[in-house]
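Lettering of chains follows the sequences in order, A, B, ..., and the numbering in each one begins at 1.
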There are 2 protein chains.
Amino acid sequence: MRVVLHPSPRETLHLVEEALRNGETILLVGLCGVEYEGRSSATLPPGERVVFLKSDGTLLVHQRVGNNPICWNPPGSRAKIRQEDELLLLESERLKPRENVKITFLQVVFAGSFELVDHAELELRGTERELVETLIQHPNLVEPGFRVVKREKPTRYGVIDLYGMDGEGNTVVVEVKRLASFQAVQQLRRYVDLLKQREPGEVRGVLVATRFTRGVKALLEDCGFEYRVLNPRKINKGEKGVQSRLTDY
Amino acid sequence: MRVVLHPSPRETLHLVEEALRNGETILLVGLCGVEYEGRSSATLPPGERVVFLKSDGTLLVHQRVGNNPICWNPPGSRAKIRQEDELLLLESERLKPRENVKITFLQVVFAGSFELVDHAELELRGTERELVETLIQHPNLVEPGFRVVKREKPTRYGVIDLYGMDGEGNTVVVEVKRLASFQAVQQLRRYVDLLKQREPGEVRGVLVATRFTRGVKALLEDCGFEYRVLNPRKINKGEKGVQSRLTDY
DNA sequence: CAATAGATGTCGTTC
DNA sequence: GAACGACGTCTATTG
């Protein structure tokens, strides 16, 4: 760890260059302006910000408010720093697509480099993946008599989350979402339309999600699709965690 | 600005409490474990990370790699810090939806608080909004004879980017995207289907974007839609920045 | 490498 | 406040 308060441009330059060589994490706080040029382009006039440079090339510029960085370059980018008169220029280049972030420091208030040791990985629960697994283990949550034929069935127009048969031998396409949006319905529709061309007999579409919006239910009805509300809490406890609702069609 | 190296839990506690009171931006570096509970839930075993706490309630936990924070709470959350034996507990609470991030510091290597003055705002160019404006100024980019009737026409199923008439009085629905995806086609389809019920005569769908994938073009053709490739560079220069392609239907 | 969909997405805008 | 779509989305997964 190395930390400097109110460093001179020269001191900051050295700290950053050494940290880049050593693969350390860099934090800079100071007055700077930012230019971005790439998929889009942007200008951010000078202000005091936190600049975060990681050893994997990630560059983040954070303002005093907001969840997201105001400017950034993703992992894999290359950063270079140089001094021009009393200004310090930090430039990050991404190759594909070509994107360039140029930070001009008028004044650096704080510069620090840190060697972070961290081999831990996030263990996340409650993802869509888990919802699908739940349905596979408990196909009756889709409906009594439902049999899973294939998970993640690839088609010309994307991958179907779950695909199976109902008790009467009809094809059932299941789209699973944590939050059901218009998009989800349209995705389901794409798959159902495709399978209608290929499969004999009826093709039903079912949207399973933990939450629905009103507009979505209307659109589902218009499309002749059905939906199921999953309750993730109850699922975890092994109870019956589904409210069924069949639209008539 | 206040900075402490290898602070004791007590020192960190004081620094953070004072910074929270003063609305300052806080940076902590150290060994910590994280628990998240909310829309989803997650556990991150201990490791060395950068913790970023903003005066608007934003909490970010960054690992040594990756563009995105591994854990976070968005603006509007409330942070509290307290000491338990030699451990330091930083807890952030969001109310709607209820989400909780709890950081347990086993060791703090660096603690800093900063008063950031920044009134600048990002000026971004090249967004979808600009593409739509270009089409309004140059409706012939959609096709010769096209007349804009309405921009951002709201419907039951969303807002149509651009809506107008072709030279023969047919309704034309235009969906504009920077990158054309399956979703964009489906969005267009939703609008076209809706207008077919309402408008007399033919309803055409046109997807205008700067980039298309092969699958998207296939789906467009299946739906009987047309597409236009916009070249943003040429548009900026005022040249004819479009390649037309009419699917027959 | 392109293409496709998920995400604790976040964020802005509209209803 | 809910809902809906854009985003320099980013990221993982798969062909």
Side-chain angles (χ1 to χ4, degrees), chain A residues 36-42 58 60 66-76 94 96-101 122 124-132 152 154-161 175-187 190-191 210-219, chain B residues 36-42 58-60 66-77 94 96-101 122 124-132 152 154-161 175-184 186-187 190 211-216 218-219:
Chain A
Y36 158 73
E37 187 70 43
R39 283 168 294 180
S40 178
S41 68
T58 303
L60 308 170
N67 194 83
N68 292 345
I70 187 75
C71 281
W72 71 95
N73 238 357
R94 179 191 194 180
K96 211 173 184 319
R98 195 166 193 87
E99 295 195 288
N100 184 279
V101 177
L122 190 73
L124 188 64
R125 296 161 309 259
T127 58
E128 182 192 304
R129 185 174 204 83
E130 280 188 16
L131 290 182
V132 175
E152 307 204 340
T155 73
R156 191 156 63 108
Y157 290 156
V159 181
I160 297 176
D161 281 340
E175 176 62 33
V176 183
K177 282 275 186 290
R178 283 160 32 83
L179 176 64
S181 63
F182 277 174
Q183 278 180 32
V185 184
Q186 295 300 135
Q187 211 174 321
R190 220 162 61 215
Y191 304 145
T210 55
R211 223 187 109 210
F212 289 81
T213 59
R214 196 185 317 149
V216 166
K217 292 187 178 179
L219 181 57
Chain B
Y36 158 73
E37 186 71 42
R39 284 166 294 179
S40 179
S41 68
T58 303
L59 172 69
L60 307 170
N67 193 81
N68 293 344
I70 188 73
C71 281
W72 71 94
N73 236 357
S77 310
R94 180 191 194 181
K96 213 170 181 326
R98 197 168 193 85
E99 296 194 287
N100 183 279
V101 177
L122 190 72
L124 188 63
R125 299 165 299 266
T127 58
E128 182 191 304
R129 186 171 204 83
E130 281 188 16
L131 290 182
V132 176
E152 308 202 343
T155 72
R156 189 157 64 110
Y157 289 156
V159 180
I160 297 175
D161 281 340
E175 176 64 32
V176 183
K177 281 276 185 293
R178 279 159 24 82
L179 175 64
S181 63
F182 279 165
Q183 281 176 26
Q186 294 300 135
Q187 210 174 321
R190 224 161 56 212
R211 222 185 112 211
F212 290 81
T213 61
R214 198 183 313 149
V216 166
L219 180 57

Among the candidates [options], find the nucleotide nearest to the side-chain atoms of [X].
{"X": "B:Ser40", "options": "D:dA3, C:dT8, D:dG8", "answer": "C:dT8"}
{"X": "A:Val101", "options": "D:dG8, C:dG6, C:dT8", "answer": "D:dG8"}
{"X": "A:Arg178", "options": "C:dG9, D:dG8, D:dA3", "answer": "C:dG9"}

For [N], does either OP1 or OP2 sit under 4.0 Å from a side-chain N or O belonging to [X]?
{"X": "B:Thr127", "N": "D:dA6", "value": "no"}
{"X": "A:Ser41", "N": "D:dG8", "value": "no"}
{"X": "B:Lys96", "N": "D:dA2", "value": "yes"}

Which part of the nucleic acid, if any, lies within reach of [X] when heavy atoms closer than 4.0 Å are counted: base, sugar-phosphate only, or nothing?
{"X": "B:Gln183", "value": "nothing"}
{"X": "A:Gly38", "value": "nothing"}
{"X": "A:Gly158", "value": "sugar-phosphate"}
{"X": "B:Phe212", "value": "nothing"}
{"X": "A:Tyr36", "value": "base"}
{"X": "B:Arg125", "value": "nothing"}
{"X": "B:Asn73", "value": "nothing"}
{"X": "A:Glu37", "value": "nothing"}

Write down the distance between [atom1] ([X]) and [atom2] ([N]), rounded to a whole number of angstrom.
{"X": "B:Glu128", "N": "D:dG8", "atom1": "CD", "atom2": "P", "value": "11 Å"}
{"X": "A:Asp161", "N": "C:dG6", "atom1": "CG", "atom2": "C1'", "value": "10 Å"}
{"X": "B:Leu179", "N": "C:dA5", "atom1": "CG", "atom2": "P", "value": "12 Å"}
{"X": "A:Ile70", "N": "C:dT10", "atom1": "CD1", "atom2": "C1'", "value": "13 Å"}
{"X": "A:Lys177", "N": "C:dA5", "atom1": "NZ", "atom2": "P", "value": "9 Å"}
{"X": "B:Leu122", "N": "C:dG12", "atom1": "CG", "atom2": "P", "value": "11 Å"}
{"X": "A:Phe182", "N": "D:dG5", "atom1": "CZ", "atom2": "C1'", "value": "11 Å"}
{"X": "B:Gln187", "N": "D:dC7", "atom1": "CD", "atom2": "C1'", "value": "13 Å"}

Heavy-atom closest pair, residues B:Arg39 and A:Arg178: O-NH1, 3.6 Å

Backbone of A:Tyr36 reached by a side-chain donor or acceptor of A:Ser41 within 3.5 Å: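 No; zero donor-acceptor contacts below 3.5 Å.
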
Rounding to 0.5 Å, atoms CG (A:Asp161) and CD (A:Glu128) come to a distance of 5.0 Å

Would you tell me whether A:Lys177 and A:Gln187 have side-chain atoms, one donor and one acceptor, within less than 3.5 Å of each other? yes

Using a 4.0 Å heavy-atom cut-off, write out nucleotides 10-15 of chain D from 5' to 3' as B (base contacted by protein), S (sugar-phosphate only) or - (no contact). SS----

